[in-house]
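As structure tokens, the structure follows; a few thoughts come after it.
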Protein chains: 2
Amino acid sequence: MPHSPVRDAPAPKQRVQDEIRRDIISGALSAGTRITEASLGEKYGISRVPVREALHALEAEGFVESKPYAGSTVAAIPVDDADDLFAVREALEAATARRAAKQAAAQFSVGVPDSHWWKTRKDIAEILDSGDAAIEADSLNLLPELNVRFHLGVAELSASASLTALLRQIAGKIEWLYAADVGSRGRQAWNEHRSIMAAIDAGDVSTAEQRMGGHVHQSRTGYMDRFAP
Amino acid sequence: MPHSPVRDAPAPKQRVQDEIRRDIISGALSAGTRITEASLGEKYGISRVPVREALHALEAEGFVESKPYAGSTVAAIPVDDADDLFAVREALEAATARRAAKQAAAQFSVGVPDSHWWKTRKDIAEILDSGDAAIEADSLNLLPELNVRFHLGVAELSASASLTALLRQIAGKIEWLYAADVGSRGRQAWNEHRSIMAAIDAGDVSTAEQRMGGHVHQSRTGYMDRFAP
DNA sequence: TAAGGAGCAATTGTATGCAATGTCACACAT
DNA sequence: ATGTGTGACATTGCATACAATTGCTCCTTA
């Protein structure tokens, strides 16, 4: 494998996909805005093909809508779906936490360790430390992204591609809903993460499930109280 | 709009996408099988581009896995995720049924009727009739597809693009899991559909939610008893 | 004036050619 | 015998060129 000196530059398709999604979440691209492949291609200095693929991927993620031969537009923020999305997320993350705890127990019982599992577990540890540091420095604006990465990390520990893909989809929407906000419940919510990981590490299936479910439920009521009283 | 004589032939991309997905669900393409764009393009008599887009879409749906520059393979059947997928589906469909009932109530209270809503409601009526006819004729093999169409129809009635997209994703996996099976619980499950629609039509939010949740829960226990005793 | 249809411009869908990258076999040193 | 480096090959990623479809403008007409 050729070792890149500093860092692998992401592929053009991935780059524009992330960029467009960022612009949509941040509000730089408002709902209903028409998007053409050619204009974006020129903007980023690449051809229409990668832009096209990025737009289709974003359509699958629910950020843009497109009709054949008619073009793409920025989708509407799913604000009306907030409560239902949280309800689904509650069931979903309870499942990922339960499975993650089961996987953790398996790591210590079987002989051969799963390197991917340990790598992911280590990433989560770093994420938790980064979050604590951010809180210490009053940089609460870093928490939303770290929060998403934590929850996706737990999904990764669950070793279920299906559940991880579902959480990716929902997490994108939730992040979109929180766009204007800067986590007022940030501190308390973050502290619950270590308690969840403790249950997972201990292989305590039902406790992990309960704590994660309660954690998401708190987020849900917090959001609904603030934005839909 | 130019009116096509008999029926609009689907676009090549959509055609191969449906074809490949069908082959994967049916088992004609088994897990781990390597898929190359060129071979499929030649097989269907089209270029690599539509095949490529179809494969990426199927990757988003969870049926294929691909790594950059390395190609695509058929994903593994998510049999280990069955119970968790059903759990998420339970929460998800309870939400769609609740919202569908709310939308139904709105149709009668406000002045202007939503034509899309009524069209979807009519489609569901036809689906239910088709299912009854299939049962009458002992053609139980038609039920799985009609079942998916019914549940997606209810999601459509919910008027939530987010929830509909999530259900599409989960329904695909569930259909995959049921692949070898030919609905032994088919008859009884089908009869519950009219009861669910009655609650939705009446605008009875909580009853619709409960009946749909119970319906999915029955499917879940039925599946787990049969395949994972 | 309003309704309807033909023509046109803009945009997406598809085909082909080239560049970039991962994979695998094989030689070779330890 | 086993691990390691190297090179050719197969396959995907991107660029460019062409075909197909949509939505709109504007003209016609009752």
Side-chain angles (χ1 to χ4, degrees), chain A residues 1-21 24 29 31-75 115-116, chain B residues 1-21 24 29 31-75 115-116:
Chain A
M1 180 199 310
H3 188 277
S4 171
V6 282
R7 178 191 290 263
D8 278 339
K13 169 196 163 186
Q14 195 65 37
R15 192 169 63 89
V16 300
Q17 184 173 336
D18 293 342
E19 187 76 19
I20 298 172
R21 179 176 35 229
I24 293 178
L29 288 173
T33 303
R34 193 174 157 71
I35 304 179
T36 65
E37 300 172 357
S39 64
L40 285 177
E42 186 172 1
K43 176 179 177 183
Y44 292 105
I46 58 179
S47 98
R48 276 178 46 213
V49 179
V51 176
R52 173 186 182 72
E53 303 205 345
L55 285 179
H56 283 152
L58 288 171
E59 183 186 10
E61 293 181 26
F63 288 107
V64 310
E65 296 173 348
S66 51
K67 291 198 307 182
Y69 289 103
S72 306
T73 58
V74 177
S115 68
H116 177 65
Chain B
M1 178 202 309
H3 188 277
S4 169
V6 283
R7 179 192 286 264
D8 278 340
K13 169 195 163 187
Q14 194 64 38
R15 192 169 65 89
V16 301
Q17 184 173 335
D18 293 341
E19 187 75 19
I20 298 172
R21 177 175 38 228
I24 293 179
L29 288 173
T33 303
R34 190 125 194 287
I35 303 179
T36 65
E37 301 172 358
S39 64
L40 285 177
E42 187 172 2
K43 176 179 178 183
Y44 293 105
I46 59 179
S47 96
R48 278 178 42 214
V49 179
V51 176
R52 175 186 181 73
E53 303 205 344
L55 285 178
H56 283 155
L58 289 171
E59 183 185 10
E61 293 180 27
F63 288 106
V64 311
E65 295 173 348
S66 51
K67 292 197 306 183
Y69 290 103
S72 306
T73 59
V74 177
S115 68
H116 178 65

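Naming: A, B, ... by sequence-line order, numbering from 1 per chain.
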Handout entry: side-chain hydrogen bond (donor to acceptor under 3.5 Å, both in side chains) partners for B:Thr33, two or more places apart
Key =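 Testing B:Thr33 for side-chain hydrogen bond (donor to acceptor under 3.5 Å, both in side chains), a comparison that skips the adjacent residues, returns B:Ser30.
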Problem - Partner set under side-chain hydrogen bond (donor to acceptor under 3.5 Å, both in side chains) for B:Thr36, not counting sequence neighbours - result: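 Result, side-chain hydrogen bond (donor to acceptor under 3.5 Å, both in side chains) vs B:Thr36: B:Ser39.
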Give each protein N/O atom lying under 3.5 Å from an N/O atom of nucleotides 9-13 of chain C, with the pair distance.
unit_1: C:dT12; atom_1: OP1; unit_2: A:Ile35; atom_2: O; d: 3.4
unit_1: C:dT12; atom_1: OP2; unit_2: A:Glu37; atom_2: N; d: 3.4
unit_1: C:dT12; atom_1: O3'; unit_2: A:Tyr69; atom_2: N; d: 3.1
unit_1: C:dG13; atom_1: OP2; unit_2: A:Arg52; atom_2: NH1; d: 2.6
unit_1: C:dG13; atom_1: OP2; unit_2: A:Arg52; atom_2: NH2; d: 3.0
unit_1: C:dG13; atom_1: O5'; unit_2: A:Arg52; atom_2: NH2; d: 3.4
unit_1: C:dG13; atom_1: N7; unit_2: A:Arg48; atom_2: NH2; d: 3.0
unit_1: C:dG13; atom_1: O6; unit_2: A:Arg48; atom_2: NH1; d: 3.1

Practice task
Grab the CD-P distance between A:Gln14 and D:dT12 for me, whole Å please.
Solution key: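 Roughly 18 Å, once rounded to whole Å.
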Practice task
Please report, rounded to the nearest Å, how far the C1' atom of D:dT16 is from the CD atom of A:Glu42.
Solution key: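 After rounding, the gap between these two atoms is 15 Å.
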Exercise for the section: Sequence neighbours left out, what passes salt bridge (Lys or Arg N to Asp or Glu O under 4.0 Å) with B:Glu42? Give chain and number order. Expected result: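 With neighbours one apart ignored, the set is empty.
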Under 3.5 Å donor-acceptor pairs involving side-chain atoms of residues 44-59 of chain A, not counting sequence neighbours:
unit_1: A:Ser47; atom_1: OG; unit_2: A:Val49; atom_2: N; d: 3.1
unit_1: A:Arg48; atom_1: NE; unit_2: A:Glu37; atom_2: OE1; d: 3.0
unit_1: A:Arg48; atom_1: NH2; unit_2: A:Glu37; atom_2: OE1; d: 3.1
unit_1: A:Arg52; atom_1: NE; unit_2: B:Glu53; atom_2: OE2; d: 2.5
unit_1: A:Arg52; atom_1: NH1; unit_2: A:Glu37; atom_2: OE2; d: 3.0
unit_1: A:Glu53; atom_1: OE2; unit_2: B:Arg52; atom_2: NE; d: 2.6
unit_1: A:Glu59; atom_1: OE1; unit_2: A:Ser66; atom_2: OG; d: 2.9
unit_1: A:Glu59; atom_1: OE2; unit_2: A:Ser66; atom_2: OG; d: 3.1

Problem - All side chain to side chain contact (heavy atoms under 4.5 Å, CB included) counterparts of A:Ala75, not counting sequence neighbours - result: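 Result, side chain to side chain contact (heavy atoms under 4.5 Å, CB included) vs A:Ala75: A:Glu65, A:Trp176.
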